[in-house]
Amino acid sequence: MDSTTGIFFWAFLVVYGVVMFLLSPKTVSLGGFFKGEDRQGRAANPWMITASIFIAWIFAKSVTNAANMGASFGIVGGIGYAMYWLCIPLTGWALYRLRRKFKATSMVGFLTEHYGVLAAFCFSAAILVRLFNEVWSNTSVVGAYYGESGSTPFVVAALLFTAITVGYCCWGGMRGSIITDVAQAILFAVLLVGVLVWIVPQDSPVDYVTSGAWSLEGGVDFIIGAGLQCLSYGFHDAVLTDRGFICEEKKMLRSFVVAGLLGFLAIVLFSLIGVHAYLNDMSTAGSSAPVVVAQSLGIVAFFMMAVIMIATAGSTLDSTFSSLAKLAARDLPGILGKTPSMNPRIIGIVFMIVFGIVGNLPMIMGADIIAATTISGTMIMGLGPVFLMHGVVKPTKVGFQLAFWIGMVLGIVDTVAPAALGFMDIGGGSYANFLGVNLWGAIACWAAYLVPGLVAQAADKRAGIEPDWKGLSKKELARLDADAKRRELGGDVLDPEDLAPTGA
């Protein structure tokens, strides 16, 4: 870009930072900083949570990957990448069940209680990897609109953007993240419509719908692989799961379902930008499809695309930092049952600053952003059976560890030496290895979790031991609902001792 345009782009980044600081609350309670409560201590509005989940998952990395998949495989690629958003309703249902039936109050606390301290630490480590990936993968996308990967403008823009986000997160924590997410969601929706109205009419609707080939080689291998990862992907995303514990269960579930379906639609629509490149034989090698398409349409389109990327990257990054603060200051000390002597807000702020620095190292070294999704999704495929099947079979520490480490080892090997897992390939497409590793790996992880549980369950039955791991029964849940209804109507409530779980 020329010098005048460059000044305009840099000025926008500064204005964006000022606006985010103005929107973010300057003083919040500990409940607001870590749980998103307002000044009166009330839980965040469910529709604010819906908007927050929606835009936090419509991150710069994701929309870029969606467009790149569209440029490579046509509409098949766009649908393939949108598959990940279907894990949001699934995760919401799982959290609803864990909260209702097992009275879970947090992911780490639930694992500590049912699977032990070691399981909670393993899970927390996986979350840290996820949060680490979210930093560099999103700042890389923003930097791409200011210069070539690795160039000085690229790095400076990414680091400035990081500093802005860390700054207002230190003020407002999760409450600030949720409030700014609403503004970023509105900005994204308006600009997405504008960009699509500009780009999509240049090709026939029939061409969009029929673009690509519905075969394994044409991208269906990615669709199936992403679908398999949906069984576990949402559980290691603290940005998502933290929002699963900050309002009433049914309202939370509704927020997750709506956000997931809206996200799926938005990603498919955004992928049409890449499909446009696919239909017009635009070369996107070594660059991102949104950048290539926007540059082909002139500076206004390029600027609109940059604003979309900055808004979506900001929404994810601030949610990442607020979740990191909660993990470091609340969840990790809670595993050991200790209360830090230092102010937890200070602990959270320190971790945000450190992660803002360390988390950008892969960006500086030029890592491929789609790896942040596919690799981490493979590593944590052992979490699916833990959260989806808990209480269906007896939970065991052995089952957790086997499932977790089978997925982790497969993901690490697939990262450092993918050829070693070539025997798992299914088909001959670009994602044959991705599909094979996730299919056979998922089978191994689910078996590793279920078999020890079934064995322990059978042993208890032979010994005449009554199960105490099934959580609240349907009858007990109905009585709790009745109690809640009485409270709402101002009537008498049941004796709490009558509602104690019996394990049946």
Side-chain angles (χ1 to χ4, degrees), residues 1-2 5 9 58-85 140-149 154 188-223 226 263-313 368-370 373-374 428-431:
M1 65 181 75
D2 58 41
T5 303
F9 269 62
I58 304 291
F59 29 84
K61 175 191 72 176
S62 67
V63 292
T64 298
N65 284 340
N68 288 344
M69 291 294 290
S72 298
F73 300 103
I75 194 65
V76 179
I79 292 175
Y81 202 76
M83 286 293 294
Y84 281 105
W85 274 254
S140 294
V141 176
V142 173
Y145 286 84
Y146 290 82
E148 295 294 326
S149 178
F154 173 92
F188 168 79
V190 172
L191 291 176
L192 176 62
V193 171
V195 169
L196 292 177
V197 168
W198 194 334
I199 295 174
V200 171
Q202 298 186 37
D203 300 289
S204 165
V206 175
D207 290 339
Y208 281 108
V209 174
T210 59
S211 61
W214 287 92
S215 64
L216 288 179
E217 293 75 14
V220 174
D221 50 2
F222 188 90
I223 292 179
F264 181 91
L265 176 62
I267 287 298
V268 172
L269 290 176
F270 197 91
S271 74
L272 297 181
I273 294 170
V275 178
H276 171 76
Y278 175 90
L279 293 173
N280 293 274
D281 297 322
M282 294 182 181
S283 175
T284 59
S287 186
S288 66
V291 173
V292 172
V293 173
Q295 286 177 332
S296 72
L297 298 176
I299 190 59
V300 175
F302 186 65
F303 176 71
M304 291 176 65
M305 197 73 73
V307 174
I308 287 177
M309 294 302 173
I310 291 173
T312 54
D368 185 0
I369 62 171
I370 198 168
T373 298
T374 57
S430 302
Y431 291 94

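Everything numeric here is computed off the predicted structure, so don't read it as measured data.
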* Selection residues 201-211 - residue pairs positive for side-chain hydrogen bond (donor to acceptor under 3.5 Å, both in side chains), sequence neighbours left out -> Asp203-Tyr208, Asp203-His276, Asp203-Asn280
* Which value, rounded to the nearest 0.5 Å, describes the distance between Leu272 atom CG and Ile267 atom CD1? -> 11.0 Å
* To do: Could you check if a side-chain atom of Ile310 sits within less than 4.5 angstrom of a side-chain atom of Tyr145, using non-hydrogen atoms only?
  => no
* Asked: How long is the span from the OG atom in Ser72 to the CZ atom in Phe222, to the nearest 0.5 Å?
  -> 10.5 Å
* Working to the nearest 0.5 Å, report the span between CE of Met304 and CG of Leu192. => 9.5 Å
* Listed by chain and number, what are the side chain to side chain contact (heavy atoms under 4.5 Å, CB included) partners of Ile223, not counting sequence neighbours? -> Val76, Ile79, Met83, Trp214
* Where at least one partner belongs to residues 297-311, residue pairs that pass side-chain hydrogen bond (donor to acceptor under 3.5 Å, both in side chains), sequence neighbours excluded -> none
* Structure fact -> Distance col, row Phe9:CZ vs Tyr146:OH, nearest 0.5 angstrom, shows 6.5 Å
* At their closest point, which heavy atom of Gly70 faces which heavy atom of Tyr278, and how far apart are they? -> O-CB, 3.4 Å
* To do: Measure the spacing between CG of Leu269 and CZ of Phe264 and express it to the nearest 0.5 Å.
  => 10.0 Å
* **Side chains of Phe73 and Val220 in contact at under 4.5 Å (non-hydrogen atoms)** => no
* Decide yes or no for Ile75 and Val209: does some side-chain heavy atom of the first lie under 4.5 Å from some side-chain heavy atom of the second? => no
